[in-house]
There are 2 protein chains.
Amino acid sequence: MDADKVFKALGDPTRRTLLDLLCEKNGQTLGELCDHLDMTRQSATQHIGLLEAANLVTTVRRGREKLHFINPVPLHEVYERWVRKFERQRLSLLHDLKKELEGE
Amino acid sequence: MDADKVFKALGDPTRRTLLDLLCEKNGQTLGELCDHLDMTRQSATQHIGLLEAANLVTTVRRGREKLHFINPVPLHEVYERWVRKFERQRLSLLHDLKKELEGE
DNA sequence: CCAATATGCAGGCATTTACCTGCATGTCAA
DNA sequence: TTGACATGCAGGTAAATGCCTGCATATTGG
């Protein structure tokens, strides 16, 4: 997994909206997705390109259409690497801060 | 939670490194953190500013020092909102794609 | 007090990003 | 076949980002 690509891809509201749209209805065409976005098709294409580069979305061509599918695997890897790590120490981390605020 | 600030904050390798550094040793000063980064103190300060804005890091002043603490809560909220949602549908999402690749 | 230390603030610059317009290509259906 | 439809590709611009230098402020220890 390229963590940087995944995080950068997630760091834009339009691209997160695209993932939400695909979560509601997987396999949508480019045109369908654009109908829900307030920008030109070309701009949306660029966003999707980043999602593909991050491997968060996979596309399949069907005739003149391009179908889009979510790939949940990178998100899971982000969770394993970034969320669980801090989650595991959640209480102790807050404990450190509390102690400091109390003056040692 | 401001999802956009959190994702934008996570979308930079320097800032993820900072979180890792704080996970190894919570409550470090600005100077300590800078020792591990290949950039000026001023640049690091800007990165930390974004982490604070995203509420991923909390700071406490102690004399002339500034101590930094991780706040794991936003990360957990990211997980709840963005990872679990897709995780829950993981199998069915892949199923959709498989069906499409097989030609319906 | 005063020099060393730790951090804050302002501005400048190069790169990246996000958006656009204009045009090209490929596919379907009558 | 041909017009309508779905998408691809190539720039161009304004704003955001990341990094820097230079200087200001505040705290501590001798």
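Values in this document were obtained by computation on a predicted structure and should not be read as measured data.
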Using OP1 and OP2 only, check whether a side-chain N or O of [X] sits under 4.0 Å from [N].
| X | N | value |
| --- | --- | --- |
| B:His47 | D:dC19 | yes |
| B:Thr40 | D:dC20 | yes |
| B:Ser43 | D:dC20 | yes |
| B:Lys8 | D:dA16 | no |
| B:Arg61 | C:dG8 | yes |
| A:Arg64 | C:dT25 | no |

Taking donor-acceptor contacts at under 3.5 Å, does the side chain of [X] reach the base of [N]?
| X | N | value |
| --- | --- | --- |
| A:Arg41 | D:dG8 | yes |
| A:Gln42 | C:dG22 | yes |
| A:Gln46 | C:dC19 | yes |

Whole angstroms only, please: what is the [atom1]-[atom2] distance between [X] and [N]?
| X | N | atom1 | atom2 | result |
| --- | --- | --- | --- | --- |
| B:Leu18 | D:dC19 | CG | P | 11 Å |
| B:Gln28 | C:dA6 | CD | C1' | 15 Å |
| B:Leu30 | C:dG8 | CG | P | 6 Å |
| B:Asp38 | D:dC20 | CG | P | 8 Å |
| A:Leu37 | C:dC20 | CG | C1' | 15 Å |
| A:Glu65 | D:dA4 | CD | C1' | 14 Å |
| A:Glu32 | D:dC5 | CD | P | 16 Å |
| A:Ile48 | D:dT7 | CD1 | C1' | 11 Å |

For the student: nearest non-hydrogen atoms of [X] and [Y], plus distance:
| X | Y | value |
| --- | --- | --- |
| A:Leu50 | A:Ala9 | O-CB, 4.1 Å |
| A:Cys23 | B:Lys85 | SG-CE, 3.8 Å |
| B:Pro13 | A:Lys8 | CD-NZ, 4.4 Å |
| B:Leu18 | B:His47 | CD1-CB, 4.0 Å |

Open item on the list: Between B:Asp12 and A:His68, which residue's closest nucleotide on DNA chain D lies nearer the 5′ terminus?
Closed with: A:His68
TODO: Could you say whether B:Gly31 or A:Arg15 is positioned toward the 5' end of DNA chain C, judged by the nucleotide with the nearest heavy atom to each?
DONE: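 The answer here is B:Gly31.
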Task: Among C:dT7, C:dA18, D:dG8, the nucleotide that comes nearest once only the side chain of A:Lys66 is considered - done: D:dG8
Open item on the list: Please tell me whether B:Trp82 and A:Tyr79 form a close aromatic pair, meaning their ring centres lie under 6.0 Å apart.
Closed with: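 Ring centres of A:Tyr79 and B:Trp82 not closer than 6.0 Å.
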